[in-house]
Amino acid sequence: MEREVQQLVDMGATPAQARAALKQHKDVMEAAERIFDGSFDHIVDGDGDVEMAPPQEATKQKPRMLTPNDDDDDEAEAEEGDGEDDEDEYIDYDSDYEDIGASNAAAVDPYAGIFFSKDRKEEVIEVEEEPEMVKLPRCTEKMPLMTQGQWMKGCPEGSEQSFLFSLYRELGEGSVPCPHGCGATYNRQKSNFWTIFPNFPAYIKHLESFVSKICSQCCKQFCFACGESSTSNHTKVAASLDVDISLFHCANLQGVILGVGLAMLEKSFVDVADLAAPKSDKTSRKRRKPDAPASHLIPTELHEDDDDDEDNYYPNLVKGKKPKLGTGYAGDVREDMSGQLEALQAQKDKDQKLATLLLNIRTFLPSVNREGGGHASDYLVHPTALAHLRRRFNFVSSQLLRNDSLTDMSDRSVLYFELFEWLETISSHEALASMMAMPIMVVTSVKTTAGKKPSPRGTPRVRERTIIYEGSSGPRELLEAIVIQAQAALKGLEGMKTSEPETFEMSEEQKRMTIDDKGKGKDDGAITSEENQKLLKFCQRIMNTAKAIDRSLVETKGKAFVDRLHAGLPKIPATSATHEDEVPIPAGQTEEEAQVAYVKWANRVRFEYCDLTIPSTEPATENGEDQPPNYKFYYNNEARMLANSDIPKRSLAIAKELAVLTTNLPVAWNSSIFLRVDETRVDVIKALITGPEGTPYYNGCYLFDVFLGPNYNQSPPSVKYMTTNGGKFRFNPNLYADGKVCLSLLGTWSGPGWIAGKSTLLQVLISIQSMILCDEPYLNEPGWANSGGTPKSIAYSANVKRMVVRTAMLGNLRNPPEPFGDVIRTHFRLKARSMIAQLDKWLAEDDGQPTVGDGAFNNRPAATGSSSNGFADDITELKTLFTRLEAGEDITHGAGDSS
């Protein structure tokens, strides 16, 4: 019994708790589960007697230990509690659970345990131990052994901790009897399966050297991992590694190889990405967000002075601040381009290293579609396989799938193609497929906890940490964001759509030529560059991967599973018309509710395709071809001149732009950017920017026409400001009444200019949002740059506010510009309550001067708040429109928006 007591003590129980639990539960695994669900918390050290807790006493859920845990039997837990501490417990993981009565048990959703809410949070106590070093034959140096804490690290699901613990103990100690009955036994040691080699192939060769055991007495063969008989077959498996088939004999081998291999992958990913935090830095600890998960590293040697050095254990993957995307119009800063080629080559080498490691480990991933047929371990999947994938592979995949640049992903295609292979393989196996829908649990808080007792002298030091995990987007949801980018890029690569050719009857020879051409690359006569083809191939691979995953999920989990999965995926509407029949989004009762509703709505509608064409009334050309259409667009003539053109370099640049814009336009309660792209001419774009908080432009709507000309991206886009009150108002020294936009990126102002092949439209838009629509626009004029806070600057901003209310708010509500009618109305409706307070403050601060359209102002003094310039009337009318908007009335004065 003392051996079992020591096992429970090693897990974190006290000796008294261990003895008490073993008296009631003879099995050590069951005793461990009961100890760590709190059943023996009342046992005090030194008291071996069992003291039963009061029958009605509620037991508050404790942090889960990194040991065998319970089966998460929700019904049993619900019966044990009295309801007082429910808010502190994490029993129901799925926000989609419906109220189901006892008589309605048959209607329980079979996928409720998979599609749980991303709001889920788990608190886990994890153990970090100093790794033991061993010297192996044929090795010149000592190597570390994987500790139990490293093996079991991560957010648990169900009873998988029990399986992890059992496998670690089974393969690390005890003896294996010969299964042929000769009486011989062989001792296992931790160094057999748990040695961490410098690379994965070396670990595989090590396993091959002893897994297929020949009994010294009966000379028969058996598997050293499971203790069952095996055949003398040294066939090699078709794989990237030269692997003996003996390593596919049983689920035990699969579990340990996947676990150790993925731990190596995780450490390698962090190492090549330079993500480990320096040990000396103990001042920069910040709470990590779910979108910046931390790694499960194999810990290095523990030091006496690093108890609080949390970042050593869980390094932050987001280093420093995110660089600004916009370059403004002041200063002469030039970017240092030196070392770029070396950096690109270094990244390529790192990606190749990771891709090779992924490929080698994938050899052991369960797959019933394996080349040459499946093996025993492909069908008898070890219970820990899903745990390894969720805890370790998900960390790496989530970082790669969160990449917001399709161009960068395409340049790193060797790594991403292998990642897609993993996702397809996982989705095709019924035992693993549910992972595609499960939120990824990431570390958000790490806190070192004091141990129950000091480590005895001469024994490895042990440290406990309380880790808080929170849910974030699952693998299939993260992939969908890339699918959206790929769809946009493919649309850009299509070029300009031409009218459908007239149908005619083909001759027999033409039909034969058509048949012969099937399966060949279709070019339509266009000369497509190699880079275009590379991006096209990458986008098609993304689309095919998503389709293959969904197809496999239908086969393995059923259509209901896929339908529910798709219901939660991010979506980009194909056209603005998608919203015509939608129910208006409620603003809620509080400003907090309005903010949540606003951001959710803005994320959905920030990027859309629409119809900006006006059918041409001009007669057909001499060849009988229709004239190109006109566009509701300032650059209509330029767009028509490029109708039916095919410029491969330009198409590639536009494809990259669209991929980024679909998912990266900034949206927030304080300021957002909305884009509308013509569905047949992706170079015809309209942008709407809402004024940032803290500026005289706040909450106004500012329209820009954007054209990506024939030399794009070698030259900047053409941008025209359209919210000018018919050419009467100059809202900023850099926004002229005639629509000119002064910005160094556009070549219309001094300073850092456009960099061919690198600068983007997104940079231009964000520069306008943050550097032109600023808090003190008076300072944008070079001669006034040092006049911050002066009466002239204050008066200039007051004049801007009056123009904003009259044109960017009131004017846009009366006659919303196409195609942003619905966006503008929803923007003002959701922000109406907040804007009333803003307008009252602006009116109280108004200097009473008349509104001057050219930006000049009269220095005649006026009493603050005694406006006689029509400002108060404009605000009163605006408030009236807000009330009508909230009542659902139509407030437009003109034809309005046709979208």
* To do: Mark yes when over 12 heavy atoms from residues, nucleotides or ligands other than Glu593 sit less than 6.0 Å from its CD; otherwise mark no.
  => yes
* Structure fact -> In short, ring-ring contact (aromatic ring centres under 6.0 Å, His included) pairs touching residues 751-772 with sequence neighbours left out are Tyr712-Trp754
* Checking side-chain contact (heavy atoms from CB on, under 4.5 Å) against Arg412, which of Asp351, Thr407, Leu419 comes through? -> Asp351
* Check: Pro696 and Val804 side chains under 4.5 Å, non-hydrogen atoms -> no
* Are Lys632 and Cys610 close enough that some pair of their side-chain heavy atoms sits under 4.5 Å apart? -> no
* Minimum-distance pair of heavy atoms, taken over all atoms of Ile585 and Ala597 -> CG2-CB, 3.9 Å
* Asked: Hey, does Asn734 have a side-chain heavy atom less than 4.5 Å from the side chain of Tyr721?
  -> no
* What distance separates Ser405 OG from Ile482 CD1, expressed to the nearest 0.5 Å? -> 10.5 Å
* To do: Look at the side chain of Thr748 and the backbone N and O of Leu743, then say whether any donor-acceptor pair between them is shorter than 3.5 Å.
  => yes
* Short side-chain to backbone donor-acceptor contact, Gln838 and Tyr698, under 3.5 Å -> yes
* Asked: Can you tell me if Thr545 and Glu424 form a side-chain donor-acceptor pair at under 3.5 Å?
  -> yes
* Asked: Do Ile440 and Leu478 have side chains that get closer than 4.5 Å, going by heavy atoms?
  -> yes
* Asked: Would you say the side chain of Arg806 lies within less than 4.5 Å of the side chain of Leu810, judging by non-hydrogen atoms?
  -> no
* **Asp411/Lys534 ion pair, N-O < 4.0 Å** => yes
* Might you point out which heavy atoms bring His566 and Lys571 nearest each other, and give the distance in Å? => O-NZ, 2.9 Å
* Which atoms form the tightest heavy-atom contact between Ser834 and Trp669, and what is the distance? -> CB-CZ2, 3.8 Å
* Asked: Ala594 and Leu830: which non-hydrogen atoms are nearest, and at how many Å?
  -> CB-O, 3.7 Å
* When you check the side-chain N and O atoms of Ser718 and Glu638, is any donor under 3.5 Å from an acceptor? -> no
* **Salt bridge flag under 4.0 Å for residues Arg541 and Glu421** => yes
* Structure fact -> Value for OG (Ser651) from CG (Leu535), rounded to nearest 0.5 Å, stands at 11.0 Å
* Asked: Do any N or O atoms from the side chain of Gln485 and from the backbone of Leu406 form a donor-acceptor pair under 3.5 angstrom?
  -> yes
* To do: Check step by step if side-chain contact (heavy atoms from CB on, under 4.5 Å) holds for Asp822 and Val605.
  => CA-CA 10 Å; Asp822 184 66; Val605 304; 5.7 Å; no
* Got a donor-acceptor contact below 3.5 angstrom from the Arg650 side chain to the Ala653 backbone? -> no
* **Working for side-chain contact (heavy atoms from CB on, under 4.5 Å), residues Leu885 and Leu813** => CA-CA 10 Å; Leu885 265 179; Leu813 264 179; 3.8 Å; yes
* Give a yes-or-no answer on whether the side chains of Asp611 and Thr613 include a donor-acceptor pair shorter than 3.5 Å. => yes
* Asked: Got a donor-acceptor contact below 3.5 angstrom from the Arg640 side chain to the Pro628 backbone?
  -> yes
* Short side-chain to backbone donor-acceptor contact, Thr690 and Ser672, under 3.5 Å -> yes
* Under the side chain to side chain contact (heavy atoms under 4.5 Å, CB included) test, residues paired with Ala486 that sit two or more places apart -> Cys539, Ile542, Met543
* Would you indicate whether the side-chain heavy atoms of Glu886 and Arg833 approach each other to under 4.5 Å? => yes
* Could you check whether the rings of Phe674 and Trp601 sit parallel, tilted or perpendicular, using 30° and 60° as the cut-offs? => tilted
* Asked: Taking atom CG of Asp563 and atom CG of Asp550, what is their separation to the nearest 0.5 Å?
  -> 10.0 Å
* To do: Please examine the side chains of Val677 and Lys491, heavy atoms only from C-beta on, and report whether any two atoms are closer than 4.5 Å.
  => no
* Asked: Is Tyr634 atom OH crowded by more than 12 heavy atoms from other residues, nucleotides or ligands, each under 6.0 Å away?
  -> no
* Going through the distances and angles, do Phe633 and Asp678 end up as a side-chain contact (heavy atoms from CB on, under 4.5 Å)? -> CA-CA 10 Å; Phe633 188 59; Asp678 185 78; over 6 Å; no
* Determine yes or no for a side-chain-to-main-chain donor-acceptor pair under 3.5 angstrom, with Arg606 supplying the side chain and Thr663 the backbone. => yes
* Asked: To the nearest 0.5 Å, what is the distance between CD (Glu480) and CG (Leu401)?
  -> 11.5 Å
* Any idea which heavy atoms bring Lys720 and Asp738 closest together, and the distance? -> CE-O, 3.0 Å
* Structure fact -> All heavy atoms of Glu657 vs all of Leu761, minimum pair found to be OE2-N, 2.8 Å
* Decide whether Tyr697 and Asn732 meet the rule of one side-chain donor and one side-chain acceptor closer than 3.5 Å. => yes
* Ser427 side chain to Leu423 main-chain N or O, any donor-acceptor pair under 3.5 Å? -> yes
* **Backbone N/O of Tyr416 and side chain of Ser413: donor-acceptor pair under 3.5 Å** => no
* Structure fact -> CG of Asp404 to CE of Met409, rounded to nearest 0.5 Å, is 8.0 Å
* Give me the ring orientation class for Phe420 and Phe417: parallel if the planes are under 30° apart, tilted from 30 to 60°, perpendicular past 60°. => tilted
* Asked: Do side-chain atoms of Asp683 reach the backbone of Phe707 as a donor and acceptor pair under 3.5 angstrom?
  -> no
* To do: Apply side-chain contact (heavy atoms from CB on, under 4.5 Å) to the pair Ile824 and Leu688, showing each step before the final yes or no.
  => CA-CA 9 Å; Ile824 289 173; Leu688 186 78; 3.9 Å; yes
* Asked: Can you tell me how far the CZ atom of Arg476 sits from the CE atom of Met436, to the nearest 0.5 Å?
  -> 7.0 Å
* Asked: Mind checking whether Thr760 and Val660 have side chains closer than 4.5 Å, heavy atoms only?
  -> no
